[in-house]
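Down below is the structure, laid out as structure tokens.
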Number of protein chains: 4
Amino acid sequence: MSAASSPPRRPRSGNRRDEAARLAVLHAADDLLVEHGFGALTVEAIARRAGVAKQTIYRWWSSKTDILLDTLIEDSEKRLPVPAEEITAGTVRDYLRGYAHFLTDDTAGAVLLALLAQAQHDPATATAFQERYLEPRRARERAMLARGIATGALAPRLAPEAALDALIGPLVYRALTGAEVPGDLVDALVDAVLRPAAD
Amino acid sequence: MSAASSPPRRPRSGNRRDEAARLAVLHAADDLLVEHGFGALTVEAIARRAGVAKQTIYRWWSSKTDILLDTLIEDSEKRLPVPAEEITAGTVRDYLRGYAHFLTDDTAGAVLLALLAQAQHDPATATAFQERYLEPRRARERAMLARGIATGALAPRLAPEAALDALIGPLVYRALTGAEVPGDLVDALVDAVLRPAAD
Amino acid sequence: MSAASSPPRRPRSGNRRDEAARLAVLHAADDLLVEHGFGALTVEAIARRAGVAKQTIYRWWSSKTDILLDTLIEDSEKRLPVPAEEITAGTVRDYLRGYAHFLTDDTAGAVLLALLAQAQHDPATATAFQERYLEPRRARERAMLARGIATGALAPRLAPEAALDALIGPLVYRALTGAEVPGDLVDALVDAVLRPAAD
Amino acid sequence: MSAASSPPRRPRSGNRRDEAARLAVLHAADDLLVEHGFGALTVEAIARRAGVAKQTIYRWWSSKTDILLDTLIEDSEKRLPVPAEEITAGTVRDYLRGYAHFLTDDTAGAVLLALLAQAQHDPATATAFQERYLEPRRARERAMLARGIATGALAPRLAPEAALDALIGPLVYRALTGAEVPGDLVDALVDAVLRPAAD
DNA sequence: TGATAATCGAGACGGTACGTCACGTCTTGTG
DNA sequence: CACAAGACGTGACGTACCGTCTCGATTATCA
């Protein structure tokens, strides 16, 4: 189904998977989404743009959202890593500010919003998006929070899961409604929800 | 339940717009969305289900999301009114609990999420959704908050606009990610964001 | 059905038929055919152009070809009468030259060709065209020929009916295939088919 | 008889054009024209009858008349060849009798009349019909006549082009007006126009 | 002199077909 | 065997006209 989740295949004979074609598809999908919007993101357009046969796409991905999910996972891990050590109020604040920037100014943020949207329309996308993006990231965010609480840097007014929704929900909601997400908002949310120790 | 199914033949009413056809379309769109999801919501399916010609739909609505917007506006005004007088912490809490219920258990909530999603894919939907649903409701919510602050019932930690996003964003985000929205979460958000006086 | 063929209706009361509307429709149909071709000749376009309601057309004509037939009958009786008295080789030759001119250079000729064409596609048009245009004219043409034979002006090589087809058929065929119909051709046909006495 | 109905499933043949689909379309168009007339000849009906996708038709033909033209060309070359050698008065007479039969009793004749009709309504059809059917056939007919004159078998009263119109025009005209085309007529025309030597 | 009855412009309505687009599947031929 | 190429059946798109219908406003005739 998805290339990113599978271990490298070891075919018994014949040609191996063409890495150049794989990258061309991912980039074509990304570019088309950013340049012309989700409406113009068709498998045929991706194939045309990537200079690839349609069948090559269907051989490796189950749908166009499957392609987007691959790009989102690769990009978000590079450009918006969840802080893993030395959690202070500052690192959390920076992560959330990064998230806000990611949502509104990064092409990968557009992919995230498109997938979140498409998940409302298509259960298969919903499941894959949940399992391959949301849940793994949420696990790392939970760990981040727990570490911050353990060190006394954070003292949330809400239970951990609720706290994460209280912090991230408003950012995503504003991005979805086309509003900007100012740094002030992030700071105010952190203060209200996490009651951080001075950092 | 669709209007077209109850009487075998809708009386045609001549020159003026046919109100029965209008209702049949709105109900058909609603029903199809709930029963088979946004993917099955095509103009042709709506027309078929409503017992109406496709052209009759295009005469009055510019797209299927335009139909959904009509149903959302009518339904949300009936089933989720913004409290207008005597604002206490309780009325706000109830409104938000109602919002949570609306999002997860009401067919009109499904319409809201579908429109919010489609707005990510289509600028025209985004504009219409913003102007005809989000902004009018937000204006009334702002007024609600202002009244609560004036009477001393509410003392938000955040500026009004930010406070509304901090309250509603998490509810919508959880609904979008398929999670339930428990009453606890609403209460905790109200406490954290609005610092209500005892009510 | 058709206004031209029915006796004028005598309703006991109410408005009489609007003559201005009748003429507007006939002219609109004629103009549209000549300006934009049969493809653009729709009932809606005629109504629009004539400034008339669609229902007014359907009240008096059964189809758009019925309208064309009315214009053809009125125009062809005025502009291409069948010679009735004093038949010489010259009058026949002139009639056929007139027919050629009618077919290629008169707007009513375009109507004739359009109806002959539409008769191939629609049996109702075929019947009406036959009964209201072709047959009456052919009867008068037969009479013309008979008179010419009686006076010795004409001595056809073919039986009368066949002679008429041999004379008119080539003219119509050339018009249908987009060719011009030169006077020479008419003269040669008359010579070959009718063996006229010197006139 | 339609090709699509004999085997339950046509074998799909991949990258190249599907010959079975091509034939199924040609036969379906022919059948529909003969059985239900030009009015029932819609692209959708052809596709339905041929068991073929509408898009497959549009991929290879520009319109339904383009399909008819293909069938006409194939059929008329098989069933009404223009005599090429040994031209006598008899071969010409037989060709014209064959033409008469083709026009009134052959399904391909119905196609010819439909195309000649449609050419009056649509310039694109007119051009294609002229260039792909009429002109090539006329060229061969001209050659036939020239050969007959050269051998002294024929001594036309009219110039060659005019003679052909004088011979074929009446046949086509009678077919168009729903009349039969008797053999006598053909003989009389040949005698009057071509003044044949005894054959 | 009204009441009656037919006409008229306007246009909504249920339909059918249009020609286009993208879907996902399949087959061919090349490296 | 992967891959470029692309034909195929499927089905929705948004548009144009079809012929029927109902409105409300004019007129003319006749009681």
Side-chain angles (χ1 to χ4, degrees), chain A residues 9 11-18 20-21 40-48 50-60 62-64, chain B residues 9-18 20-22 40-48 50-60 62-64, chain C residues 9-18 20-21 40-48 50-60 62-64, chain D residues 9-18 20-22 40-47 50-60 62-64:
Chain A
R9 308 160 121 263
R12 288 173 305 175
S13 65
N15 265 350
R16 302 291 193 270
R17 177 170 190 182
D18 184 340
L41 192 71
T42 68
V43 172
E44 302 214 317
I46 296 171
R48 216 175 305 134
V52 140
K54 243 190 330 173
Q55 187 56 42
T56 299
I57 295 183
Y58 283 109
R59 209 187 331 269
W60 302 107
S62 64
S63 66
K64 65 190 176 191
Chain B
R9 222 46 310 235
R10 210 158 1 81
R12 302 245 254 100
S13 60
N15 199 10
R16 302 262 180 270
R17 177 169 189 181
D18 186 339
R22 189 186 137 262
L41 192 71
T42 68
V43 173
E44 300 215 318
I46 297 171
R48 210 153 34 225
V52 140
K54 220 174 15 158
Q55 188 57 50
T56 297
I57 294 183
Y58 284 110
R59 202 180 343 262
W60 300 109
S62 64
S63 65
K64 64 191 177 190
Chain C
R9 306 152 127 264
R10 296 297 296 167
R12 288 176 306 174
S13 67
N15 251 356
R16 298 295 195 261
R17 177 170 190 181
D18 184 339
L41 192 72
T42 68
V43 173
E44 303 216 315
I46 296 171
R48 217 176 304 134
V52 140
K54 239 187 339 172
Q55 187 57 40
T56 298
I57 294 182
Y58 283 110
R59 205 181 340 264
W60 302 107
S62 66
S63 65
K64 64 190 176 191
Chain D
R9 226 36 323 227
R10 208 161 2 81
R12 301 245 255 101
S13 60
N15 199 10
R16 302 261 179 272
R17 178 168 188 180
D18 186 340
R22 188 186 139 262
L41 192 72
T42 67
V43 174
E44 301 216 317
I46 296 171
V52 140
K54 221 175 13 159
Q55 189 57 49
T56 297
I57 294 183
Y58 284 110
R59 205 185 334 268
W60 301 108
S62 64
S63 65
K64 63 191 177 191

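Chain A is the first sequence line, chain B the second, and so forth, proteins listed ahead of strands; every chain is numbered from 1.
- Side-chain proximity of Tyr58(C) to dC3(F), dG19(F), dA17(E): nearest is dG19(F).
- Atom CD1 of Ile46(B) and atom P of dG14(E) are 14 Å apart (whole Å).
- Here dC18(E) is the nucleotide among dA7(F), dA4(F), dC18(E) with the atom lying nearest to any side-chain atom of Lys54(D).
- The base of dC13(E) does not come close enough to the side chain of Gln55(B) for any donor and acceptor atom to sit less than 3.5 Å apart.
- Contacts of Ala40(D) classified as side chain to side chain contact (heavy atoms under 4.5 Å, CB included), with partners at least two apart in sequence or in another chain: His36(D).
- Atom CZ in Arg17(B) sits about 17 Å away from atom C1' in dT22(F), given to the nearest Å.
- For dA12(F), the OP1/OP2 oxygens have no side-chain nitrogen or oxygen of Thr42(B) closer than 4.0 Å.
- When the side-chain nitrogen and oxygen atoms of Arg16(C) are compared with OP1 and OP2 of dT27(F), none of them lie within a distance under 4.0 Å.
- Listed pair Thr56(A) / dA2(F) fails the phosphate criterion, with no side-chain N or O lying under 4.0 Å from OP1 or OP2.
- Of the listed nucleotides (dA17(E), dT27(F), dC8(F)), dT27(F) has the atom at the smallest distance from the side chain of Asn15(C).
- Nearest to the side chain of Glu44(C), among dC17(F), dC3(F), dG9(F), sits dC17(F).
- As a whole-Å value, the separation of Leu41(D) CG from dT16(E) C1' is 15 Å.
- Distance from the side chain of Val52(C) is smallest for dG9(E) among the nucleotides dG19(F), dC8(E), dG9(E).
- Contact check, Trp60(B) against dC13(E): a side-chain N or O comes under 4.0 Å of OP1 or OP2.
- One interatomic measurement links the two molecules: CZ of Arg59(D) to C1' of dG9(F), which rounds to 10 Å at whole-angstrom precision.
- Of the candidates dC23(E), dG19(F), dG15(E), the closest approach to any side-chain atom of Val43(C) belongs to dG19(F).
- For the pair Ala21(A) and Ala40(C), both in contact range of DNA chain F, the more 5′-proximal nearest nucleotide belongs to Ala21(A).
- Between Trp60(B) and Arg22(B) there is no side-chain heavy-atom pair separated by less than 4.5 Å.
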